[in-house]
Amino acid sequence: MPSEPVACPEPAGPSGLSEVPLRRTCPFDPPPGLAELRAAEPITRRVMPLDGTELWLVTSHDLVRRMLADPRWSSSLDGGLSPEQPLHVTQPEPGMFISMDAPEHGRYRRMLTAHFTVQRMNRLRPRIEQIVAERLDAMERLPRPVDLVAEFALPVPSLVICELLGMPYEDRAEFQAAARVIVDMTASPEQIDAAVAGLAAHLAKLIAAKREEPDDALIGELIREGALTDGELVQISMLLLVAGHETTANMLGLGTLLLLHHPDQLALVREGAPGAADELLRYLSIVDLVMFRGAKEDLTLGGQEIKAGEFGLASLAAANRDPALCEDPDRLDVTRPKTAHVALGFGPHQCLGQNLARLELEIALQALLRRFPGLRAAVPLEEVPVRENAAIHGVHSLPVIW
Ligand code: HEM
């Protein structure tokens, strides 16, 4: 049985029609106003509240997919996430392939795809299960309430990505802090540059040591394959570190909170509902409103004439709640048939780590709910601190008891 959506506090006031609605008033739902836009004007001219950049906001499932699959829309953009840094086209550092277009993007992507197949990720399964079990043991020993984010949601993906890359877990404080700044939409360009430079210097040292003695983890394997420079390896490692733990950590934190408010769905996840990870990804769309693209040439999308140099923003959350995608899109239903959701992106940049993300979510959520059948939030929903202005939605902490 699917669940009714949780009643969330009403928005404080109507969003100005000319701005991109950015603020979620309920941590589980897209910002108010997007559903109306999707129905009335699925591609529409809007202004980013943070920096005043004008762009095309795209909200329907069909148009979001068309935009993300269209090579005339470039990923080579910078800024737009902080007031002082308006969106502009940029030359990404070699290796930072999330910000590249074909053909450079394809070169890196091909090199990495083989390392992220379902089979390769399944080889990690026993190790992920062990990491999860150890974190649950540690949680059990702590006085309650326990902060699920600090003790479980953040350490599990951090440990897994360290294991995958071959990074010492002792380095986590450094990369976790840097990642938090990098995805903070209110951080200044100086703060972001400093965080990136610090992390890059740290990774450069690690990669130099691995060149001397490559191990069997991913960075070591890429070194042995011999096609990448140290600079490229630094950027690739940085991308994987940031993309690979912030996202999954927030899915585990926010996903658990969501399930605690949907006990029927929680029971199904505990029993091992096979499509649960994808439905949670669809429903929460934790990566949203940061999917910028720039038009490389004049083009038409959804009947709108777009000029070369104009920017577009794909709302994955609005697309994932489009009635054209599935029945009753505002209901959480972990038993629903597979959907073509776009929570992991679409087109050439679709999430490289998606097989790992699904595996981690499945293992971690099932194990958590089985270990603590009486798990519940120690505070009401309104008191859970939600991450504001972060490029990735989630909660700062989640006190739980059982
Ligand atoms: C629950 C977790 C995750 C979510 C919701 C998520 C979401 C996304 C999205 C929406 C994109 C598309 C970005 C774009 O089009 O500009 C993306 C790309 C990417 N993700 Fe994930 N991701 C998750 C987990 C991971 C993990 C675990 C890893 C790595 C270990 C990872 C690595 C990447 C990389 C490298 C890209 C860039 C791909 C490219 O440009 O070709 N992600 N992810």
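The first residue of the sequence shown is numbered 1, and numbering continues consecutively from there. Counting starts at 1 for both ligands and their atoms, following the listed order. For the numbers below, each heavy atom of this structure counts, side chains included, while hydrogens, waters and symmetry mates do not. Quick caveat: nothing in here was measured; it's all calculated off a predicted structure.
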Q.
Strictly under 2.8 Å of atom 21 (Fe) of ligand 1: which protein N/O/S atoms qualify?
A. Cys351 SG
**Q.** Min N/O separation His349 to ligand 1 under 3.5 Å
**A.** yes
(Q) Is Leu316 close enough to touch ligand 1? Criterion: a residue heavy atom under 4.0 Å from a ligand atom. (A) yes
Q. Mind checking whether Leu34 and Arg321 have side chains closer than 4.5 Å, heavy atoms only?
A. no
Q: Mark the output for His105 as yes if a heavy-atom distance to ligand 1 is under 4.0 Å, and as no if none is.
A: yes
Q. Do the charged groups of Asp70 and Arg72 touch, with an N to O distance under 4.0 Å?
A. yes
(Q) Any carboxylate oxygen within less than 4.0 angstrom of a Lys/Arg side-chain nitrogen, looking at Arg66 and Asp62? (A) yes
Q. Counting heavy atoms not belonging to Glu327, are there more than 12 under 6.0 Å from its CD?
A. no
Q.
Is any side-chain heavy atom of Phe152 closer than 4.5 Å to one of Leu368?
A. yes
Q.
Going by the closest heavy atom to atom 13 (C) of ligand 1, which one wins out of Met100, Met96, Met291?
A. Met291
Q) Does ligand 1 have an atom under 4.0 Å from some heavy atom of Ala343? A) yes
Q) Just checking, Arg65 and Phe346: is the charged tip under 6.0 Å from the six-membered ring centre and within 45° of the axis? A) yes
(Q) Quick check on Met121 - does any of its heavy atoms sit under 4.0 Å from an atom of ligand 1? (A) no
Q) Quick one: which of Leu259, Leu258, Leu260 gives a side chain to side chain contact (heavy atoms under 4.5 Å, CB included) with Thr256? A) Leu260
Q) Numbering the atoms of ligand 1 from 1, which are under 4.0 Å from a heavy atom of Leu281? A) 1 (C), 5 (C)
Q: Name the orientation class of the two ring planes belonging to His105 and Phe97 (parallel below 30°, tilted from 30 to 60°, perpendicular beyond 60°).
A: tilted
Q) So is Pro348 in contact with ligand 1, going by heavy-atom distances below 4.0 Å? A) yes
Q: Would you mind running through ligand 1 and noting each atom that sits below 4.0 Å from a heavy atom of Met251?
A: 1 (C)
Q) What do we get for Ile161 next to ligand 1 when only non-hydrogen atoms under 4.0 Å count, side chain, backbone, both or neither? A) side chain
Q) When you check the gap from the basic side-chain N to the acidic O, do Glu19 and Arg46 get nearer than 4.0 Å? A) no
Q. Of all the atoms in ligand 1, which lie at a distance below 4.0 Å from a heavy atom belonging to Arg109?
A. 38 (C), 39 (C), 41 (O)
Q. Taking the side chain from Glu151 and the backbone from Met139, do they hold a donor-acceptor pair closer than 3.5 Å?
A. no
Q. Going by an N to O cut-off under 4.0 Å, is there a salt bridge joining Lys338 and Asp278?
A. no
Q | Short N-O contact, Glu246 and Arg387, less than 4.0 angstrom | A | yes
Q: Tell me, please, whether Trp56 has Arg45 positioned over its six-membered ring: NZ or CZ under 6.0 Å from the ring centre and within 45 degrees of its axis?
A: yes
Q. If you measure from each non-hydrogen atom of Leu356 to ligand 1, which part falls under 4.0 Å: side chain, backbone, both or neither?
A. side chain
Q.
Show me which atoms of ligand 1 lie under 4.0 Å from any heavy atom of Phe97.
A. 35 (C), 38 (C), 39 (C), 40 (O), 41 (O)
(Q) Is the contact between Arg293 and ligand 1 made by the side chain, the backbone, both, or neither, using heavy atoms and a 4.0 Å cut-off? (A) side chain
**Q.** Heavy atom of Phe116, distance to ligand 1 below 4.0 Å
**A.** yes
Q.
Between Arg282 and Glu279, does any NZ, NE, NH1 or NH2 come within less than 4.0 Å of an OD or OE carboxylate oxygen?
A. yes
**Q.** Gln350, any N or O under 3.5 Å of ligand 1 N or O
**A.** no
